[in-house]
Number of protein chains: 2
Amino acid sequence: MKYQEAKDEFISTWGSLGTLWGINKAMAQIQALLFISTKPLTTEEIMQELQISRGNTSMNVRQLIDWGIVKKELKVGERKEYFSTEKDVQELARIIAKERSRREIKPVIKTLREISSIKSDGTEKTKELIHQTKALYDLAQTVDSLLDKAIHHKQNWVNSTLLKLVK
Amino acid sequence: MKYQEAKDEFISTWGSLGTLWGINKAMAQIQALLFISTKPLTTEEIMQELQISRGNTSMNVRQLIDWGIVKKELKVGERKEYFSTEKDVQELARIIAKERSRREIKPVIKTLREISSIKSDGTEKTKELIHQTKALYDLAQTVDSLLDKAIHHKQNWVNSTLLKLVK
DNA sequence: TTAAACTTTCAATAATTTTTGAAAATTATA
DNA sequence: TATAATTTTCAAAAATTATTGAAAGTTTAA
């Protein structure tokens, strides 16, 4: 496999994986492109490489910046913005875990707590609702605590924490 | 909060969470409905409760069965099929982890292995592509091994494995 | 067999999400 | 301040995904 082919394959695979996990394809592909780039890229270069429009590029780069995955860089004497992504995979995983926990998991945990703590009226169906949502709540709490632990474990959490579980 | 309100909230929340993670809303809602039901339900009952069509119900129940999350039950003397979901949250998590690993993570790992093992042509950009995809490959392997471990750890893997990390 | 009960399929339609591109806004320089 | 470079916004269009419902298929029982 030649460079260009491998690069295209990587960007395409990353885009598909993103889609499968509820992430916009263009957003995932921009991140993939920056991830393997040897230097920061401009909007123009991203558009060119991925064959997407200016508006699309602008919006998705902005979202990546909101997520804390991409940083804007300015070069002296130049007007345009350069973008680069976090290059360290573990830090990247940490950021994504943090954001998905904050945006998606924690709100669900809050809802599960509310539902599982409604007052029982003694009927079977209410008991079952409370019991099942409580069980989900407990599991979600455990998983989210693990994520929190990883999130705050700045350096090398995969090796220090996960690897010992796997081995 | 009264029963009906809590139930609707749970089904709706589960549907939204599914959507966020790339799972069809109807599929997530059917699973949610079965998860808090005190008894197996028929297609008719699911349609009625969720206000969705027969075709939609049929297709999504079938998918849940493919995933191993829902089971079909037959009652003696009755023609129609009854559906129930796995009620144990940890077993449910195990099944979902197993399926997502098999369908989505393992294929990506294979691609990352292929890309990261292309022959270097000595250029910086090729070196960077190889280096970065190798790093992703290593991380994905670690995470997938953890999932595999959890997957094969039938009983109570959350408490026996994850909890000790969290505490 | 036949027919009734039930399930599946799938083309058409609807809903949602993504993308475009040009106008408006912003920013830096002359 | 004017203007050129660049980015952002957002309504419209395109693409994708989900849903419907009726016809076809299957299964069971009389």
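Throughout, a chain's letter reflects where its sequence line sits, starting with A, and its residues are numbered from 1. Here the structure is a predicted model, which means the values were calculated and not measured.
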### Message
I need the residues from residues 41-49 of chain A with at least one non-hydrogen atom less than 4.0 Å from DNA chain C; give them sorted by number, or say none.
### Response
none
Check side chain to side chain contact (heavy atoms under 4.5 Å, CB included) between [X] and all other residues, then give those that pass, not counting sequence neighbours.
X         : answer
Ser53(A)  : Asn56(A)
Gln51(A)  : Gln48(A)
Val143(B) : Leu162(A), Leu139(B)

Rounded to whole angstrom units, what separation is found between the [atom1] atom of [X] and the [atom2] atom of [N]?
X        : N       : atom1 : atom2 : result
Leu64(A) : dT8(D)  : CG    : P     : 13 Å
Gln63(B) : dA18(D) : CD    : C1'   : 12 Å
Lys75(B) : dA29(D) : NZ    : P     : 16 Å
Ile65(A) : dT8(D)  : CD1   : P     : 8 Å

### Query
What residues form a side-chain hydrogen bond (donor to acceptor under 3.5 Å, both in side chains) with Asn24(B), not counting sequence neighbours?
none
### Pairing residues for Asp144(A) by the side-chain hydrogen bond (donor to acceptor under 3.5 Å, both in side chains) criterion, not counting sequence neighbours
Ser101(A), Lys106(A)
### Message
Quick test of your reading: applying salt bridge (Lys or Arg N to Asp or Glu O under 4.0 Å), list the pairs with at least one residue in residues 16-33 of chain B, sequence neighbours left out, ordered by first then second residue.
### Response
none
Please write out each protein N/O paired with an N/O of nucleotides 19-21 of chain C under 3.5 Å, distance rounded to 0.1 Å.
| from | atom 1 | to | atom 2 | distance (Å) |
| --- | --- | --- | --- | --- |
| dT19(C) | OP2 | Asn24(A) | OD1 | 3.2 |
| dT19(C) | OP2 | Asn24(A) | ND2 | 3.2 |
| dT19(C) | O5' | Asn56(A) | ND2 | 3.3 |
| dT20(C) | OP2 | Ser53(A) | N | 2.7 |
| dT20(C) | OP2 | Ser53(A) | OG | 3.0 |
| dT20(C) | OP2 | Asn56(A) | ND2 | 3.2 |

Under 3.5 Å between N/O atoms: give me all the protein pairs with nucleotides 27-30 of chain C, atom names plus distance.
| from | atom 1 | to | atom 2 | distance (Å) |
| --- | --- | --- | --- | --- |
| dT27(C) | O2 | Arg79(A) | NH2 | 3.1 |
| dA28(C) | O4' | Arg79(A) | NE | 3.0 |
| dA28(C) | N3 | Arg79(A) | NH2 | 3.1 |

### Query
Taking only residues two or more places apart in sequence, or in another chain, which ones meet Phe83(A) in a ring pair (Phe, Tyr, Trp, His ring centres under 6.0 Å)?
none
### Query
Phe35(B): what forms a ring pair (Phe, Tyr, Trp, His ring centres under 6.0 Å) with it, not counting sequence neighbours?
none
### Task
State whether a side-chain donor-acceptor pair under 3.5 Å links Glu128(A) with Thr38(B).
no
Donor-acceptor pairs are to be reported for all side-chain atoms of residues 59-76 of chain B against protein atoms at under 3.5 Å, with residues two or more places apart or in another chain.
| from | atom 1 | to | atom 2 | distance (Å) |
| --- | --- | --- | --- | --- |
| Arg62(B) | NH2 | Glu81(B) | OE1 | 3.4 |
| Lys72(B) | NZ | Glu81(B) | OE2 | 3.0 |
| Glu73(B) | OE2 | Ser84(B) | OG | 2.9 |

